[in-house]
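Heads up: the structure comes next, in structure tokens.
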Amino acid sequence: MLIFGERINGMFTDIGNALRNKDPKPIQHWAVKQQEGGAHYLDVNSGPAIPTEERVEAYEWMVNVIQEVSDLPLVLDSTNYNAIEAGLKVCKRPAIINSCPAEQVKIERVFPMAIQYNAGVIGLTMDKKGIPKDSENRVAFAMELVAAADEYGLRMEDLFIDPLILPVNVAQEHAPEVLESLRQVKMLADPAPRTVLGLSNVSQKSPDRNLINRTYLAMAIACGLDAAIMDANDDDLVDVAATAQILLNKSIYADSYLKVFRSR
Amino acid sequence: MSVALVKERYTSKVGEVVLGATSEQGGTRTSTITVGGDSALPFLHFEGELKNRPVIAMEVNDIVPAWSESIMSQFGDVLNNPAVWAKKCVEEFKADLIYLKLNGADPDGENRSPEDCARIVKEVLAAVGVPLIVVGCENDEKNNEIMAVIAEAATGENLLLGLAEQDNYKSITAAAMVHKHTIIARSPLDINICKQLNILINEMGLPLNKIVIDPMIGGLGFGIEYAYSIMERARLGSLANDKMLSMPMICTVGYESNRCKEANTSAEEFPGWGDLQDRGVLWEAMTASAMLQAGASVLIMRNPAAVRLVQKNIADMMSK
Amino acid sequence: MALTGLEIYKQLPKKNCGECGVPTCLAFAMALASGKAALDTCPYVTAAAKEALDSASAPPIKAIKFGKDSVLGDENVLFRHDKTFYHPTTLLIRVSDALSDADVEAKVQEINGLEFDRVGLHYSIDGVAVVHESGDAARFEKVAGMVAAGTDKSLLLLSSDPAALKAALVPLASRKPLVGEATAENYEAMVNLAKENSVPVILKAEGLDALNDLAEKAQALGYKEFVLDPGSRKPVETLANLTHLRRLAIKKKFRPFGYPVVAYTSNPEPLDEIMEASVYVAKYASAIVLNTSTKAHILPLMTLRQNLYTDPQKPIQVEPKLHTVGDVNENSPFYITTNFSLTYYSVEGEVEATKIPSYILPIDTDGTSVLTAYAAGKFEPEKIAQAMEASGIADKVKHRNIIIPGYVAVISGKLGELTGWKVVVGPRESSGIISFAKSQLG
């Protein structure tokens, strides 16, 4: 179970300010802190904090300042592929591109770039028309992404299918469909693509966010979730990930397994 | 048509552990031995680097052992002198290192003092240039006493000291940390305890590259398959980056195989089993071979004839 | 395992014609993968694709049967801890037709004697490989006949000359021997000969690429009873080839390699040869052809084979009846343990080493060790008392002492009450039995 730390995102005030002021401190603070919490990768997203034309430069800068303090690999998160490419150029370890929907034009842009930079791809089970309601159509989009990976020569383990969870307080019916999608995606290819969720989305604006995150994470891992973009500093949530991995016999039990999961 | 072979992409490798220390490193060994470091399953050269070949430690006791005549006779008159015995193992039988078992410390037997034990260790160190493995008797309390003294007497030698076990690991771990030695972490055929013990030892401050795993094997015909599977799982774990299971493994091949009836019973007693000579040799050598296939890095052996066979088998498996 | 969507999609015409009722080939592939559609509804799918999709649902390694109950292949895992290995490596001893008649007979006799009993199990050698080295077809036929007459074990007839093989095979076809070897040069004659006589045949090529070509050509002859030989005779290369073949068959369902594999030893010294063979037993040979047929050499190898092919889920058990060690008498000590083979024989070995003739009663714990059995309620005083009653131990000894494993000291009181015997708590591990016996039984 891979944890992609979500905190370096311009939507958070401190990161937004850091981006505007070119102040590396808050970004580096969260890089280290998430690594200590148990993150395996760091998601990097400027958000709307800076104007579009500055994003290319911003991603290069963010990657560089993070790599000064952490050797974790990065997940470059943007809809601006030029910004992602600028980041990829300076990444020291193979990164992951976040993200690519099941649209031909974007596939043609993203997959060759992933091959060129030895990067992974998070594939979203949606197209221009948006997110499907049911699992069948989610899986159909996943299949298109799988076929694209096969065509471009991207290793299946480097393709992360994200079946897109929506907030439970407004789109409750999606939660079980996403779980079903996670199960089905594993049957698309052998080796199967990996799966990922933007976990915190499930609990947006609910009062019991932590509980919802934890419960849904355990359910999703049981359905085959391999990675989550999540709060790497919610200790109980990280414990859920560690425990689920043990209960699925994916790593070998020892009494101190929680500690080991973090120490790596 | 060319076939696309399946090559596993492992994310990590077996940890590397150095045994012994030369004079520049604070010891007196003429050479050190490095074990582990493999980035593939045993002997699959096409998949990764088999960095260090498995090594054989030959067993030397501080009191004359009650081994079978066919083994004892190969040593001649050295069995009452550990230093000379060790020298013979290295020079004549080409042992990579020496495993010194201090059975004489046993309070129910000779009850040798810790100082006496340390003196024997020093004598063996003086007699050979290879690294040393030192293990005590069957009495935990006494072992803690002698190991503290031995660790200090041989400060800097980077001995491989045994045994740390789940209910008795602190004293030996502390001694190894203070006096710069490596330790054997033994668990009773249980991969979960094996991992936990490594975590506990590491938490005391001993680095992971100062630990060697003893999974407690069974001899051929007596549960070897349990150790085989545990070791395969541990090896796969280390390649998948399970750091707490990634230490090289050591196997008490000579002890376990020679406990088996098949390694000792004469053809007169069991005509159906064939001659004892070759059977006894193969019982030990094949126990070793199975452990090598499961991922062993250090084999502790007794019978010089079996050692020769295993040396040849290792050479076969390591040739590219 | 069912086919994945991608595997199916690759076999489809990718026309996106929609004639199957599903708008795209991708969607059709997914419908097929989930069993919601049938391949027949696609009007454009090729026969080759159909064949590929059909055979993909067959087992990863075909079971090949020959001789006297020999089964090769039909394995599903790479590691025994993943489930189990099913069909123990078939061991065949080589007999050359260049030997004299007397030597052939002596060798066959020696092979027939390769029967062993240990720890309650019986091992016997599987068969004989008759190898054509004389260069004389008549000699090969004669020696094959001699071997067949001399043993009822499985046979492998090995010659690169189809005519010689035919002469030897036809009279022995009812024994259903494995034959070989078909190579790139002679495969048509060899495979057709095997097909006519309904026997499996070894396909031999130098290296995996050549073996792939040969297997595809041989399959095209409409026969599928094959055993593979990747040609390597250097141990480390053979290990690599055996691993590649098993992985491709199991992980990729690579059909040309979906057959069992035979390995040949190359070390001339018998002890080195057995060491080499141990590697192939551990790593994926379905059959091994050996030279040595000395009992002392074969027993260790067969023991290793038995160990590694034990089902990890089903422990071997010993009969839960009263066992004796040595020349017992009315004063002999009486030990209790479980019927898990490993536990029992560890105890038996140590009791034997005490040199005191003794009784051991293994309790039926479904083959679990002492602690596991106790935790699962299978090592209760009531059960032990019953087993003692049934064993008749009370009439065999005049003392009234039961030695129980140290781990279950807690049952002493109850067991004493139930039986009226004195319960003596023994050591926890069998390794403590000798010193226990020294101090307690002296």
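Sequence lines set the chain letters: A, B, ... in the order given, protein chains first and strands last, and positions in each chain run from 1.
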Is the count of non-hydrogen atoms from other residues, nucleotides or ligands lying under 6.0 Å from [X] atom [atom1] greater than 12?
{"X": "C:E225", "atom1": "CD", "result": "yes"}
{"X": "A:E173", "atom1": "CD", "result": "yes"}
{"X": "C:K14", "atom1": "NZ", "result": "yes"}

Heavy-atom cut-off 4.5 Å, strictly under: side chain, backbone, both or neither for C:K10 against chain A? side chain
Heavy-atom distance under 4.5 Å to chain A: side chain of C:K36, backbone, both or neither? side chain
Quick check for you: to the nearest 0.5 Å, what is the distance between A:M156 atom CE and C:L6 atom CG? 5.0 Å
Just verifying a value: how many Å separate A:D150 CG and C:E7 CD, rounded to the nearest 0.5 Å? 10.5 Å
Closest approach of [X] and [Y], non-hydrogen atoms and distance?
{"X": "C:K251", "Y": "A:D190", "value": "O-OD2, 3.7 Å"}
{"X": "C:K252", "Y": "A:P191", "value": "NZ-CD, 3.6 Å"}
{"X": "A:L188", "Y": "C:M30", "value": "CD2-CG, 4.2 Å"}

Counting only heavy atoms closer than 4.5 Å, note whether A:M187 contacts chain C via side chain, backbone, both or neither. backbone
